[in-house]
Each structure stands twice: as C-alpha cells, then as structure tokens.
Amino acid sequence: MGLTKSEIFTDTQNQIATLAKAFAHPARVAILQQIFKANACICGDLVDEIGLAQATISQHLKELKNLGLIKGNIEGTSVCYCINQEKWSEMKQLLTTFFNQDLNNINCC
C-alpha cells in the first residue's frame, strides 16, 4: 500500500484534502444538508430522514465530527449534532480561495 507523503505538501494543501473528505460520500453531504435544513441540533432524526442504518449514520457523523465540521452535545441518552460555525466558515474561506485561483489566470491553451 502506498504512502500519501503528506509531509511534502503545504499545510493548506493538506487542509483542503482533509476537508474534502466531508464531501467524499453522499451520506455525509446529506447529513450536513439535513443539519442545515433543521437549523438546530439534530438528535435521532437523521436515520429517519436519510434512510440509512443507525450504525452507518454514526460512522459518517464520527467522520464529520473528526473533521470538526459538526459538534455533538449529549442530551440524556442521545447525542445531538449541529454545525460548527467557526470551522464551517474556515472551510468556506479555504475552499473559496482554492476554487477562485483561476480568476487571474490567462487561458494557456
């Protein structure tokens, strides 16, 4: 199995690649959309809304939480999730800069 050699890339390149993981699976995109749509913390509604097994939803929530895009609060026997606004804003700025880098380039072909 090959190594990623992430140390040879800049911090920004590594950050973009890490954050892009959030969109690497449609379930994570659907989870983020559902949390935004609810405009509140979501506890057990994700399984019903998205239609995947609880274990699958939990895996994707764990990945989103590890990326810092969502936060979880324990309420009784459940964990409620909401968007981490600070990290979301940071990701938007980083990706906007990345996606807009073509604006000043001259078409070479």
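Please read these numbers as outputs of a predicted model, since none were measured by experiment. Count residues from 1 along the sequence.
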Spacing of [X] atom [atom1] and [Y] atom [atom2] [to the nearest 0.5 Å]:
X     : Y     : atom1 : atom2 : value
Gln59 : Leu64 : CD    : CG    : 12.0 Å
Leu69 : Ile31 : CG    : CD1   : 11.5 Å
Leu94 : Gln13 : CG    : CD    : 10.5 Å
Ile70 : Cys80 : CD1   : SG    : 11.5 Å
Glu49 : Ile42 : CD    : CD1   : 7.5 Å
Leu67 : Gln15 : CG    : CD    : 12.0 Å

Side chains of [X] and [Y]: does their closest heavy-atom pair fall under 4.5 Å?
X     : Y     : result
Leu61 : Leu46 : yes
Val47 : Leu52 : no
Asp45 : Gln34 : no

Which pairs of donor and acceptor atoms, one on a side chain in residues 18-30, lie under 3.5 Å apart (sequence neighbours left out)?
| from | atom 1 | to | atom 2 | distance (Å) |
| --- | --- | --- | --- | --- |
| Thr18 | OG1 | Asn14 | O | 2.9 |
| His25 | ND1 | Ala27 | N | 2.9 |
| Arg28 | NE | Lys21 | O | 3.1 |
| Arg28 | NH1 | His60 | ND1 | 3.0 |
| Arg28 | NH2 | Lys21 | O | 3.1 |

Any side-chain donor paired with an acceptor under 3.5 Å for Ser58 and Gln54?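 Side chains of Ser58 and Gln54: pair found under 3.5 Å.
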Under 3.5 Å, is there a donor-acceptor pair between the Gln93 and Ser89 side chains?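 Checked: Gln93/Ser89 side chains show no N/O donor-acceptor pair below 3.5 Å.
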Would you find more than 12 non-hydrogen atoms of other residues, nucleotides or ligands less than 6.0 Å from Glu86 atom CD?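 No, the 6.0 Å shell around CD holds no more than 12 heavy atoms from other groups.
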Using a 6.0 Å cut-off, check whether atom CG of Asn100 has over 12 heavy atoms from anything other than its own residue.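 It does: Asn100 CG has more than 12 such atoms within range.
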Quick check: closest heavy atoms across Asn73 and Cys41, and the distance to 0.1 Å?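 Heavy-atom minimum between the residues: ND2-SG, 4.4 Å.
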Could I get the full list of salt bridge (charged side-chain N to carboxylate O under 4.0 Å, His left out) partners for Glu90, not counting sequence neighbours?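 Checked Glu90 against salt bridge (charged side-chain N to carboxylate O under 4.0 Å, His left out); matches are Lys87.
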Can you tell me which residue pairs pass the ring pair (Phe, Tyr, Trp, His ring centres under 6.0 Å) test with a partner in residues 74-95, sequence neighbours excluded?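 Residue pairs with at least one partner in residues 74-95: Phe36-Trp88.
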